[in-house]
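Atom set for the values below is all heavy atoms of this structure, side chains included, hydrogens, waters and symmetry mates excluded. The residues of the chain are indexed from 1 along the displayed sequence.
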Amino acid sequence: MNQKAIIIGSGIAGLAAAIRLSVKGYKVQVFESNSYPGGKLSEMQIGGYRFDAGPSLFTLPEQVEELFLLAGRKPADHFQYSKLDVACHYFWEDGKSIKAYGDLHQFAEEVETKLGEPAENVKKALKNSAYIYEHLAPLFMHRSLHQWNTWINPTALKSYLKMGKLGIFTTMNDANERLFNQPKMVQLFNRYATYNGSNPYQTPATLNIIPHLEFNIGAFFPKKGMHDITQSLYKLAVDLGVVFHFNSKVEEILVEKNIAKGVLVNNTKIHADLIINNMDMVNAYKSILKNQKQPTKLLDQPKSSSALILYWGIKRFFPELGLHNILFSEDYKTEFDHIFNKGSIYHDPTVYVNITSVCKEDDAPNGCMNWFTMINVSNNQGQNWDKLIEEARSSIIAKINRVLNTDIEPLIEVEEILEPRTIESKTSSANGALYGNSSNNRYAAFLRHANYSSEIKNLYFCGGSVHPGGGIPLCLLSAKIMSEMIEG
Ligand SMILES: Cc1cc2nc3c(=O)[nH]c(=O)nc-3n(C[C@H](O)[C@H](O)[C@H](O)COP(=O)(O)OP(=O)(O)OC[C@H]3O[C@@H](n4cnc5c(N)ncnc54)[C@H](O)[C@@H]3O)c2cc1C
């Protein structure tokens with residue numbers, strides 16, 4: 001085949017799209033404005049510490065493996081990972097803490113012993129989560145919502161009949177309050193709304209699909225760190241003959257008579273038969289598609305939350321901490337009110353600490369730890385971030401000191417900060433949102449951009465800002481859905 005494809009952006013979905021189209025026989029070129037691949041899924045080195053810069057939680061690893069299989073490679077020869085025995089360590093200010101064991105029975109027992117929540121309730125909640133997954137994943141995760149054959153088939157019909165049971169008409173918080181007796185368990189399960197940047201007090205209970213991924217299927221860690229997802233897929237793409245152009249920002253998608261013809265990069269026109277956009281959809285319409293018809297309704301949808309991350313080299317070892325740790329706020333509802341309604345930062349935030357050196361010792365010097373310390377914050381609405389970040393840093397430190405009974409500030413050896421403005425400038429995400437549009441509204445899935453343009457022929461979309469949504473597994477699926485629409 002002599003057909004050419006151009007991919008704009010080498011985020012995780014851009015890499016997956018490059019591999020899929022290359023396997024189909026296209027000659028693929030990727031244009032990336034950064035000097036490195038991976039977009040949000042990148043890494044950084046600060047002194048003796050290595051950090052995964054963005055995503056830290058890895059679920060559905062088979063989505064990565066599928067790309068190696070597709071290319072005729074044995075996945076384990078190129079990308080290794082292992083299942084976590086403990087998905088997360090949870091801490092509260094009253095001294096209570098639990099481990100979310102990967103083994104469901106062990107987790108349910110831990111919850112009953114430490115929090116007084118009947119083990120049966122945990123099992124029921126995860127059964128409910130599996131039920132939602134079984135009925136919704138085939139429709140909402142694996143197929144385009146914008147093609148008729150998605151909606152007219154027996155699987156879809158079965159799901160319509162179950163809509164009430166799938167939680168579409170109630171909020172995640174209300175559903176969790178019905179499932180659990182203990183407020184701490186409601187809080188723990190409400191946290192899953194943040195996995196796609198949503199608010200558990202607004203988002204429909206269908207998002208209770210997420211715990212199924214972490215508990216029933218499992219949470220994983222790549223042997224060489226999260227960044228190895230990017231690195232191994234990048235290497236595979238290069239091996240397949242994909243040509244990458246770094247420091248090459250696409251300035252315009254060239255369109256003639258409603259057909260995408262190529263891109264403009266460094267004042268040079270480059271032609272191709274297919275154009276795949278992996279850049280954030282909202283910013284793409286505002287910049288490289290600014291002369292084309294704008295899907296205003298989709299562009300105006302509220303965005304998901306963003307994050308403030310403090311990358312800290314900590315010169316002490318904390319044996320009570322694992323790979324993923326959550327130090328919960330005392331007032332979760334007020335915290336979310338600040339994130340989604342006030343655009344400010346609550347003085348008692350939920351602090352997430354990801355420490356890859358627990359699994360990968362060489363990520364920190366001996367006796368030290370690499371803390372990726374993150375809180376969820378509003379997306380960028382032009383707030384006074386310098387002031388908010390200064391206050392939030394103090395609140396985060398105070399929270400850690402209270403919960404872990406320590407004095408963390410003198411232990412911080414190196415520090416870098418990532419926040420909504422820099423997330424936007426580094427990866428071009430609209431408002432620095434982590435997951436594109438939020439899922440706070442029950443119709444959100446239908447208000448994401450399709451994986452193709454209905455106005456411009458030969459223009460396709462993949463990535464966290466389009467269907468089926470943000471997060472590594474969904475981004476990989478977006479590339480799959482997109483490539484299945486393309487002949488070859
Ligand atoms: C702090 C943080 C924590 C997260 N945690 C998790 C997690 O634990 N688990 C999880 O699954 N997900 C997580 N996510 C979300 C996940 O990282 C994203 O959903 C996913 O990586 C987005 O991939 P993407 O393919 O949409 O591309 P992006 O990563 O958004 O990359 C887009 C690429 O396009 C390039 N680009 C943009 N404009 C142009 C242009 N004009 N020309 C050329 N190139 C251009 C950018 O430079 C960038 O490289 C997190 C995200 C962040 C930021």
Looking at [atom1] of [X] and [atom2] of [Y], how far apart are the two atoms once the value is rounded to the nearest 0.5 Å?
| X | Y | atom1 | atom2 | value |
| --- | --- | --- | --- | --- |
| H135 | T206 | NE2 | OG1 | 14.0 Å |
| F461 | N451 | CZ | CG | 9.5 Å |
| Y460 | L274 | OH | CG | 6.0 Å |
| Q202 | L207 | CD | CG | 12.0 Å |
| I375 | L308 | CD1 | CG | 5.0 Å |
| M369 | L321 | CE | CG | 5.5 Å |

Looking at every non-hydrogen atom in both residues, tell me the closest pair between [X] and [Y] and how far apart they are.
| X | Y | result |
| --- | --- | --- |
| A17 | A479 | N-CB, 3.7 Å |
| G14 | C462 | N-SG, 4.2 Å |
| S478 | A13 | OG-CB, 3.8 Å |
| S438 | G197 | CB-O, 4.2 Å |

Flag if over 12 foreign heavy atoms under 6.0 Å of [atom1], [X]:
| X | atom1 | value |
| --- | --- | --- |
| D77 | CG | yes |
| K342 | NZ | yes |
| N2 | CG | no |

Sequence neighbours excluded, every pair satisfying salt bridge (Lys or Arg N to Asp or Glu O under 4.0 Å) that has a member inside [range]:
| range | result |
| --- | --- |
| residues 249-278 | none |
| residues 291-302 | K293-E455 |
| residues 371-393 | D386-R421, K387-E391, R393-E409, R393-E415 |
| residues 477-488 | E66-K480 |

For [X], give me all partners under ring-ring contact (aromatic ring centres under 6.0 Å, His included), at least two apart in sequence or on another chain.
| X | value |
| --- | --- |
| F372 | Y311 |
| W312 | none |
| H78 | F68 |
| F246 | Y234, F244 |

What pairs of donor and acceptor atoms, side-chain ones from residues 223-230 against any protein atom, are under 3.5 angstrom apart with sequence neighbours left out?
| residue | atom | partner | partner atom | Å |
| --- | --- | --- | --- | --- |
| H227 | ND1 | E43 | OE2 | 3.4 |
| T230 | OG1 | L41 | O | 2.7 |

> Taking it one step at a time, do S429 and K40 satisfy side chain to side chain donor-acceptor pair (under 3.5 Å)?
Replying inline: CA-CA 9 Å; S429 297; K40 297 183 182 76; 2.8 Å; yes
>> Assess the residue pair T59 and Y195 against the criterion (side chain to side chain donor-acceptor pair (under 3.5 Å)); give the C-alpha distance rounded to whole Å, side-chain angles, the decisive distance to 0.1 Å, and a yes or no.
In response: CA-CA 11 Å; T59 53; Y195 281 31; over 6 Å; no
Determine whether the side chains of [X] and [Y] contain a donor N or O and an acceptor N or O closer than 3.5 Å.
| X | Y | value |
| --- | --- | --- |
| E335 | N376 | no |
| S198 | N196 | yes |
| N370 | T356 | yes |

Under 3.5 Å donor-acceptor, [X] side chain and [Y] backbone:
| X | Y | result |
| --- | --- | --- |
| T427 | I423 | yes |
| N379 | S304 | yes |
| N190 | P200 | no |
| T296 | Q294 | yes |
| N266 | S248 | no |
| N354 | L323 | yes |
| S287 | N283 | yes |
| N380 | P420 | no |

>> As a quick check of understanding, evaluate side-chain contact (heavy atoms from CB on, under 4.5 Å) for Y352 and T194, giving each step before the final call.
In response: CA-CA 11 Å; Y352 167 60; T194 66; over 6 Å; no
>> As a quick check of understanding, evaluate side-chain contact (heavy atoms from CB on, under 4.5 Å) for L474 and Y435, giving each step before the final call.
In response: CA-CA 10 Å; L474 296 193; Y435 303 94; over 6 Å; no
> Between Y285 and H449, what is the ring plane arrangement, given parallel below 30°, perpendicular above 60°, and tilted in between?
Replying inline: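 Plane angle between 30° and 60°, so tilted.
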>> For E419 and L388: C-alpha separation, side-chain torsions, deciding distance, then whether side-chain contact (heavy atoms from CB on, under 4.5 Å) applies.
In response: CA-CA 11 Å; E419 36 98 353; L388 285 176; over 6 Å; no
Is there a side-chain contact between [X] and [Y] (heavy atoms, below 4.5 Å)?
| X | Y | result |
| --- | --- | --- |
| M172 | Y192 | yes |
| L289 | L459 | yes |
| I275 | I456 | no |
| I288 | N277 | yes |
| I19 | L233 | yes |
| Q383 | V377 | no |
| I253 | Q292 | no |
| T373 | I400 | yes |

>> Among residues at least two apart in sequence or on other chains, which ones pass side-chain contact (heavy atoms from CB on, under 4.5 Å) with H212?
In response: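 Residues passing side-chain contact (heavy atoms from CB on, under 4.5 Å) with H212: S129, A130, Y133, N216, I217.
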>> Which residues pass the side-chain contact (heavy atoms from CB on, under 4.5 Å) test with E65, not counting sequence neighbours?
In response: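 So E65 forms a side-chain contact (heavy atoms from CB on, under 4.5 Å) with E62, P75, Y81.
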> Could you give all pairs that pass the ring pair (Phe, Tyr, Trp, His ring centres under 6.0 Å) test and reach residues 17-43, with sequence neighbours left out?
Replying inline: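 Every pair satisfying ring pair (Phe, Tyr, Trp, His ring centres under 6.0 Å) with a residue in residues 17-43: F31-H245.
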